[in-house]
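Comments concern the structure below.
Heavy-atom basis, side chains included; hydrogens, waters and symmetry copies ignored.
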Amino acid sequence: CYDFPSFLESFKWTVSYLKKPEDYGRAAKQLIGSLRRQGVTYAEITLSAGVVKWKRLDLEAVYAAVNHESRRSSFPVFWIIDCIRQHGGGGAMPIAKFASHHANNGVVGFGVGGDETSTAAEEFRGAIKAAGVPFVPHAGEISNAENVWEMVRLGARRIGHGIRAVQDPALMAHLKQHDIPLEICLSSNLRTGAVPSLSAHPLRQLFNAGVPIVLGTDDPAIFGTSLLKEYELAAELGFTESELRQLAENSLRYGLHRAK
């Protein structure tokens, strides 16, 4: 993929090969194994439940398969249940109710992913309330700072990407003051064309402004990355060992399960 539309097409093509719950379980097992080998001690994995529903698969069965693998993990693994922004508030509601139903069964967050320019954020207010778990949407990756503001006003606990916050000093100050972290995924931003080059990425500006930052992988297989590689890219941007350690500590500090 070379821009955001091509990423969406790549994503749809890839997930078309996940045809049954066992396929999702196998993918979860492989991912958790990879995280363990990288030294990860706590993980929150996003399950695009909206895509599962879109493919007309049994969401309960799919979740049972992936949750089975997380329960077998040697370190804590929890799930963020994600709906598709293009499907609007109506499509989000059954996903939110599913997240609520499994709030004591491994689900720690409710997210909104997909094309952040497609549907007004306000459409998701009812679903956010129905989910009853922390709201962790994607926003401000390919659009603008207002896209992040909209999700902050809806009560976002964390923001996926959110790199356009760099355009608005008031927003950066708000994220700092209210301790709302951004989940930065460097490889993803490069591959989707959200930034033209690594040197142009606003990670350093956001970090220096005091915005809480955690590093993530977004879709590691599609983007050919790993969590370790994301830290290596941050080092290429000049982050020192102590700053990288702070980013790692932030990943634990802002974990949704640990924050309960």
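A salt bridge links Lys12 with Glu9; the closest basic N to acidic carboxylate O contact falls under 4.0 Å. Glu122 and Arg125 are joined by a salt bridge, as a carboxylate oxygen and a charged side-chain nitrogen come within less than 4.0 angstrom of each other. Ion pair Arg158/Glu44 flagged as a salt bridge, since at least one NZ, NE, NH1 or NH2 atom sits closer than 4.0 Å to an Asp/Glu carboxylate oxygen. Using a 4.0 Å cut-off between a side-chain N of Lys or Arg and a carboxylate O of Asp or Glu, Glu22 and Lys29 do not qualify as a salt bridge. With respect to the salt-bridge test (charged N to carboxylate O, under 4.0 angstrom), the residues Glu249 and Arg245 do not qualify.
Contact check for Leu47 versus Ile45: no side-chain heavy atoms found under the 4.5 Å cut-off. No side-chain heavy atom of Leu244 sits under 4.5 Å from any side-chain heavy atom of Glu241.
Scanning for side-chain contact (heavy atoms from CB on, under 4.5 Å) contacts around Glu60 gives Asp58, Phe98, His101, His102, with sequence neighbours left out.
Rounding to the nearest 0.5 Å gives a distance of 5.5 Å between OG of Ser74 and CZ of Arg36. In this structure, the separation between CG on Asp218 and NE2 on His138 is 5.5 Å, given to the nearest 0.5 Å.
In summary, the side chains of Asp168 and His174 do not present any donor paired with an acceptor at a separation below 3.5 Å, with no hydrogens or angles considered. Side-chain atoms of Gln246 and Ser242 include no donor-acceptor pair closer than 3.5 Å. At a cut-off of 3.5 Å, with distance as the only test, no side-chain donor of Thr217 or Glu230 sits close to an acceptor on the other residue.
Panel note: side chain Ser34, backbone Gln30; no donor-acceptor pair is recorded below 3.5 Å. Between the Glu116 side chain and the Glu141 main chain, a donor and an acceptor come within less than 3.5 Å of each other.
Taking the six-membered ring where tryptophan is involved, the planes of Phe7 and Phe4 are tilted, since the angle between them lies from 30° to 60°.
The distance between the ring centers of Phe135 and Phe124 does not fall below 6.0 angstrom.
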